[in-house]
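Everything below concerns the one structure shown next.
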Amino acid sequence: AATAEPSAQPAIQIAVKNNVGVFYFAMQFPLHLGFGAGAGMAESEFGPLWVSWTGDKEHRFNLTGLRNTNPEAVRAVLSPYNYHPVARRAAAASTSLYFTALAFQRERVLCEVVLPAAGQPYACCKIQNPVLLPLAEKSLCSLLS
């Protein structure tokens, strides 16, 4: 028997059987809906993971259409979706915000949001399972734009 290739996009799949037949439904949902509460992490734990997850475990992208470049506003938007703030680094030219999340109780997500004083804001997401990187990008971009 053939099996379907699993999708990287989280989805809810439902089958309904009645006297007419069987109907199948699938609904995709953004990665942040799978983030759990209480998945925060100390900065001392975050740093070593951030440094060690490189190559195909990280992805940098521009944050086009960012609604607000105020660091507190960004934090206020992400926190209700269980992006847990870890650290904030301010420099003369930019502010970097670091967040962590836990997707589906097992996939740790690390994010950096860089808000330059002038120029294009960008982000970097890191995750052990590289298949989920595009979903992490899509989640962050959809919440911040």
Side-chain angles (χ1 to χ4, degrees), residues 2-17 22-145:
T3 59
E5 188 68 27
S7 170
Q9 178 72 33
I12 296 173
Q13 298 176 352
I14 301 169
V16 178
K17 182 178 180 181
V22 179
F23 301 92
Y24 298 94
F25 304 93
M27 183 183 94
Q28 295 181 339
F29 60 93
L31 184 64
H32 59 266
L33 293 182
F35 289 173
M41 159 183 282
E43 190 174 348
S44 61
E45 296 174 87
F46 183 93
L49 283 179
W50 185 263
V51 171
S52 68
W53 289 359
T54 60
D56 67 343
K57 295 180 180 180
E58 68 180 339
H59 178 62
R60 183 178 175 217
F61 51 93
N62 288 334
L63 291 170
T64 55
L66 189 65
R67 284 183 276 174
N68 193 330
T69 58
N70 177 293
E72 289 308 314
V74 170
R75 183 177 174 166
V77 168
L78 296 179
S79 291
Y81 294 96
N82 293 316
Y83 280 90
H84 302 278
V86 175
R88 176 180 174 163
R89 302 273 185 264
S94 67
T95 299
S96 297
L97 304 172
Y98 297 89
F99 298 90
T100 185
L102 191 62
F104 312 112
Q105 300 180 350
R106 68 176 182 264
E107 295 289 345
R108 177 68 63 187
V109 181
L110 308 178
C111 296
E112 173 189 41
V113 176
V114 179
L115 307 167
Q120 178 68 52
Y122 65 90
C124 181
C125 288
K126 297 186 177 194
I127 192 167
Q128 278 191 302
N129 183 353
V131 171
L132 296 175
L133 277 172
L135 303 177
E137 175 184 352
K138 187 176 179 181
S139 168
L140 205 54
C141 287
S142 70
L143 290 173
L144 293 175
S145 62

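Any value given below was found using the heavy atoms of this structure, including those in side chains, with hydrogens, waters and symmetry copies removed. One-based numbering along the sequence shown. For clarity, every value in this text was computed on a predicted model and none was experimentally measured.
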Could you give me the CA-CA distance, side-chain angles and deciding distance for Y81 and S139, then say whether side-chain hydrogen bond (donor to acceptor under 3.5 Å, both in side chains) is met?
CA-CA 10 Å; Y81 294 96; S139 168; over 6 Å; no
So do the side chains of E137 and C125 get within less than 4.5 Å of each other, counting heavy atoms only?
no
Minimum heavy-atom distance between A37 and N82, given as atom pair plus value
CA-OD1, 3.5 Å
Apply the side chain to side chain contact (heavy atoms under 4.5 Å, CB included) test between L133 and each candidate in D56, V109, I127; give the one that qualifies.
I127
Interatomic distance, CZ@F46 vs CZ@R108, rounded to 0.5 Å, equals 9.5 Å
With a sphere of 6.0 Å drawn around OH of Y24, does it hold more than 12 non-hydrogen atoms of other residues, nucleotides or ligands?
no
Please examine the side chains of L78 and L144, heavy atoms only from C-beta on, and report whether any two atoms are closer than 4.5 Å.
yes
Lys/Arg-Asp/Glu bridge criterion (N-O < 4.0 Å) met for E72, R88
yes
Smallest heavy-atom separation, S145 atom then R67 atom, equals O-NE, 3.1 Å
In Å and rounded to the nearest 0.5 Å, what is the CG to CD distance from L110 to Q128?
9.0 Å
So which atom in N129 and which in E107 form the shortest heavy-atom distance, rounded to 0.1 Å?
CB-OE1, 3.5 Å
Is a side-chain N or O of N62 found less than 3.5 angstrom from the main chain of T64, in a donor-acceptor match?
no
Would you find more than 12 non-hydrogen atoms of other residues, nucleotides or ligands less than 6.0 Å from Q120 atom CD?
yes
So among L63, V113, N68, which one has a side chain to side chain contact (heavy atoms under 4.5 Å, CB included) with V74?
V113
Rounded distance (nearest 0.5 Å) linking atom OH of Y83 with atom CZ of R75
15.5 Å
On a heavy-atom basis, the closest approach of T69 and L115 is O-CD1, 3.3 Å
Measuring from atom SG of C124 to atom CH2 of W53, what distance do you get when rounded to the nearest 0.5 angstrom?
12.0 Å
Report yes if some heavy atom in the side chain of R89 is under 4.5 Å from a heavy atom in the side chain of Y98; otherwise report no.
yes
Does the side chain of C111 come within less than 4.5 Å of T100's, by heavy atoms?
no
